[in-house]
Amino acid sequence: MATSSEIGVIVRKVDDDLAYALVEGTRPRSVAFGPAVVPDFAGRTLSELGVEEGTVVSLVVDPRSGVVQSAVPGARRPDRRRSATAGTGGATPLPRSVPSPAGETTQLELLPSDTPDGAISVSRALPPATRSFGKLIDTSALKPGDLMLSRDLNPEWTGRAIVSVQVKGGYAEPDARWTHAAMYVGDGAHVVEATFDSPMSGGSVRLTGLDDYCKGEAAVRFRRSSFLETDEDRWRLCVRALKRLHRPYSFGKAIEMWFRVAIGGSGFFDEDQKYSVSDAVICSTLYADAYNETTRRSLGEIGGACVPAWLSVSDEFTDVQTRWLKF
């Protein structure tokens with residue numbers, strides 16, 4: 001199949017191995033690429049190749065897969081983005097993310113109230129709340145790199161704020177209710193996630209036991225990408241996420257995103273609000289950046305924003321059936 005030549009501008013540079021370009025035109029979208037597709041690569045980084053936020057790039061893209069095959073950097077474009085307090089200046093565009101037609105909205109979530117379907121013998125110490133709950137997630141159907149979404153049944157103010165900003169940003173409630181994303185690492189016991197302990201103490205990218213989600217407080221849902229076809233790809237995805245261990249969680253950038261949408265009148269659907277999410281690590285961008293480094297496919301809305309609601313609604317993933325096991 002023939003490739004397409006397009007012009008884009010770099011809206012987000014995660015590091016010297018991954019950049020997002022916004023392709024403008026009749027169908028704006030973001031694409032991801034690394035230094036290897038830049039001419040005269042020779043082992044150099046994106047910075048050494050002249051790729052920075054604001055750089056205009058000439059792209060050759062595979063129209064079927066969305067993978068960038070060539071990226072030629074040009075001059076930098078002046079920053080024409082609106083301020084964080086600007087409104088949409090007119091009629092509100094229709095949301096990009098809307099409920100699916102009837103019969104296609106089933107989400108295979110695992111609720112604390114679901115009855116266990118089997119038993120398991122445990123040879124590790126468990127948190128007191130997990131022992132009291134008495135059930136663990138059956139990981140036998142999961143594969144490395146599977147996406148895990150979660151939502152607290154009785155969320156604190158931070159959870160309620162995430163739901164609110166996702167609804168105001170254009171997502172339907174069944175998708176906006178998912179407030180956290182993590183990646184299953186394939187060992188039967190852990191996910192890698194970007195999370196915070198409190199706004200004051202901050203947080204980081206860390207390896208967390210699935211036992212922490214087995215306390216009767218949260219619903220979980222597992223999803224799998226249709227573009228990860230081999231175990232090698234899935235393990236590579238896990239490694240990409242794990243290389244970010246201990247990187248700080250940016251609570252400030254999460255608040256900035258909330259401010260743009262809830263106060264500034266922007267929306268994740270709004271094509272006129274093309275802003276960089278920045279290189280900050282939050283839960284959904286941890287997954288998206290690792291995924292994009294692995295597949296060179298871009299997850300998220302037009303401006304590069306990837307939030308849990310987007311990961312919920314995306315048809316790039318299918319749900320994986322899971323169950324509780326009694327111990």
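Checked against side-chain contact (heavy atoms from CB on, under 4.5 Å), Thr294 has the following partners two or more places apart in sequence or in another chain: Leu228, Arg236, Leu237, Arg240. Listed by chain and number, the residues in a salt bridge (Lys or Arg N to Asp or Glu O under 4.0 Å) with Lys143 amount to none (sequence neighbours excluded). Evaluation of the side-chain contact (heavy atoms from CB on, under 4.5 Å) rule for Pro155 yields Asp152, Arg160 as partners, not counting sequence neighbours. With sequence neighbours excluded, the residues that form a side-chain contact (heavy atoms from CB on, under 4.5 Å) with Ser140 are Asp138.
Considering every non-hydrogen atom in both Ala219 and Leu111, the closest pair reads CB-CD2, 3.7 Å. Here the closest non-hydrogen pair linking Ala181 and Leu147 is CB-CD1, 4.0 Å. Nearest heavy atom pair, residue Pro35 against residue Asp17, reads CD-OD1, 3.6 Å. Contact record, Asp211 with Ala125: OD2-O, 4.4 Å, taken as the closest heavy-atom pair. Smallest separation of non-hydrogen atoms from Leu59 and Ala21: CD1-CB, 4.1 Å. Considering all non-hydrogen atoms of both residues, Ala19 and Val51 come closest at CB-CG1, 4.2 Å.
Counting only distance, with no hydrogens or angles, the side chain of Arg177 and the backbone of Pro174 share a donor-acceptor pair below 3.5 Å. Ser314 places no side-chain N or O within donor-acceptor distance of the main-chain N or O of Leu311, the cut-off being under 3.5 Å. In this structure, Arg44 contributes its side chain and Leu49 its backbone to no donor-acceptor pair below 3.5 Å. Listed for the Arg323 side chain is a donor-acceptor partner under 3.5 Å among the backbone atoms of Asp117. Between the side chain of Ser284 and the main chain of Cys306, a donor-acceptor pair closer than 3.5 Å is present. In this structure, Glu53 contributes its side chain and Lys13 its backbone to a donor-acceptor pair below 3.5 Å. Of the possible polar contacts, one joining the Thr45 side chain to the Glu48 backbone as a donor-acceptor pair under 3.5 Å is found. Put simply, the side chain of Asp319 gets close to the backbone of Leu108: a donor and an acceptor are under 3.5 Å apart. A donor-acceptor pair is defined here as one N or O able to donate and one able to accept, closer than 3.5 Å; no such pair exists between the side chain of Arg244 and the backbone of Arg206. Gln69 places no side-chain N or O within 3.5 Å of a backbone atom of Val60 that could act as its donor or acceptor partner.
Counting side-chain heavy-atom gaps under 4.5 Å among Ile, Leu, Val, Met, Phe, Trp and Tyr, the cluster of Val163 also holds Val167. Applying the under-4.5 Å side-chain rule to Ile, Leu, Val, Met, Phe, Trp and Tyr, the cluster around Trp324 extends to Leu110, Phe133, Ile137, Leu142, Met148, Tyr184, Val191, Leu210, Tyr213, Val220, Phe222, Val320.
Considering only heavy atoms from C-beta on, Phe317 stays 4.5 Å or farther from Arg224 through its side chain. Taking 4.5 Å as the limit, every side-chain heavy atom of Lys135 sits out of range of all side-chain heavy atoms of Pro112. Side-chain atoms of Ser58 and Ser5, non-hydrogen and from C-beta on, never get closer than 4.5 Å to each other. Under the 4.5 Å side-chain criterion, counting only non-hydrogen atoms from C-beta, Cys238 is in contact with Met183. Looking only at side-chain heavy atoms (C-beta outward), Leu136 and Cys214 come within less than 4.5 Å of each other. Using a 4.5 Å heavy-atom threshold, the side chains of Val23 and Ile7 count as separate.
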Pair Val57-Ile10, side-chain contact (heavy atoms from CB on, under 4.5 Å): steps then yes or no: CA-CA 7 Å; Val57 286; Ile10 304 301; 4.1 Å; yes
Determine whether Leu46 and Phe33 satisfy the following criterion, side-chain contact (heavy atoms from CB on, under 4.5 Å), listing intermediate values before the conclusion. CA-CA 10 Å; Leu46 288 175; Phe33 68 90; 4.1 Å; yes
Verdict with supporting geometry, Arg296 and Val68, side-chain contact (heavy atoms from CB on, under 4.5 Å): CA-CA 7 Å; Arg296 298 306 181 192; Val68 175; over 6 Å; no
side-chain contact (heavy atoms from CB on, under 4.5 Å) between Asp40 and Val38: does it pass, once the steps are laid out? CA-CA 6 Å; Asp40 301 322; Val38 180; over 6 Å; no
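Salt-bridge annotation for Arg12 and Asp289: present, with a side-chain N of the basic residue lying under 4.0 Å from a carboxylate O of the acidic one. The residues Glu293 and Lys243 are annotated as salt-bridged, a charged nitrogen and a carboxylate oxygen being separated by less than 4.0 angstrom. No salt bridge links Glu229 with Arg234; every basic N to acidic carboxylate O contact stays at or beyond 4.0 Å.
Side-chain atoms of Arg221 and Ser312 form a donor-acceptor pair, as typed in the model, at a separation below 3.5 Å. Between the side chains of Arg223 and Gln107, not a single donor N or O lies within less than 3.5 Å of an accepting N or O. When only modelled atom types and interatomic distance are considered, Ser226 and Glu316 share no side-chain donor-acceptor pair under 3.5 Å.
Taken together through direct or relayed side-chain contacts under 4.5 Å among Ile, Leu, Val, Met, Phe, Trp and Tyr, Val37 and Val31 form part of one hydrophobic cluster. With hydrophobic clusters built from ILVMFWY side chains whose heavy atoms lie under 4.5 angstrom apart, Val313 shares a cluster with Tyr287. Under a hydrophobic clustering in which Ile, Leu, Val, Met, Phe, Trp and Tyr are joined whenever their side-chain heavy atoms come within less than 4.5 Å, directly or via other members, Leu245 and Leu286 fall into the same cluster. Hydrophobic clustering of Ile, Leu, Val, Met, Phe, Trp and Tyr side chains at less than 4.5 Å, counting indirect connections, keeps Tyr291 apart from Val239.
One finds the SG atom of Cys283 at 8.5 Å from the CD atom of Glu193 (value rounded to the nearest 0.5 Å). Rounding to the nearest 0.5 Å places OG of Ser30 at 7.0 Å from CG of Leu22. Distance check, rounded to the nearest 0.5 Å: CG of Asn292 to OG of Ser298 gives 5.0 Å. In this structure, the separation between CZ on Arg124 and OG1 on Thr130 is 9.0 Å, given to the nearest 0.5 Å.
Within a 6.0 Å radius of NZ in Lys326, no more than 12 heavy atoms belonging to other residues, nucleotides or ligands are found.
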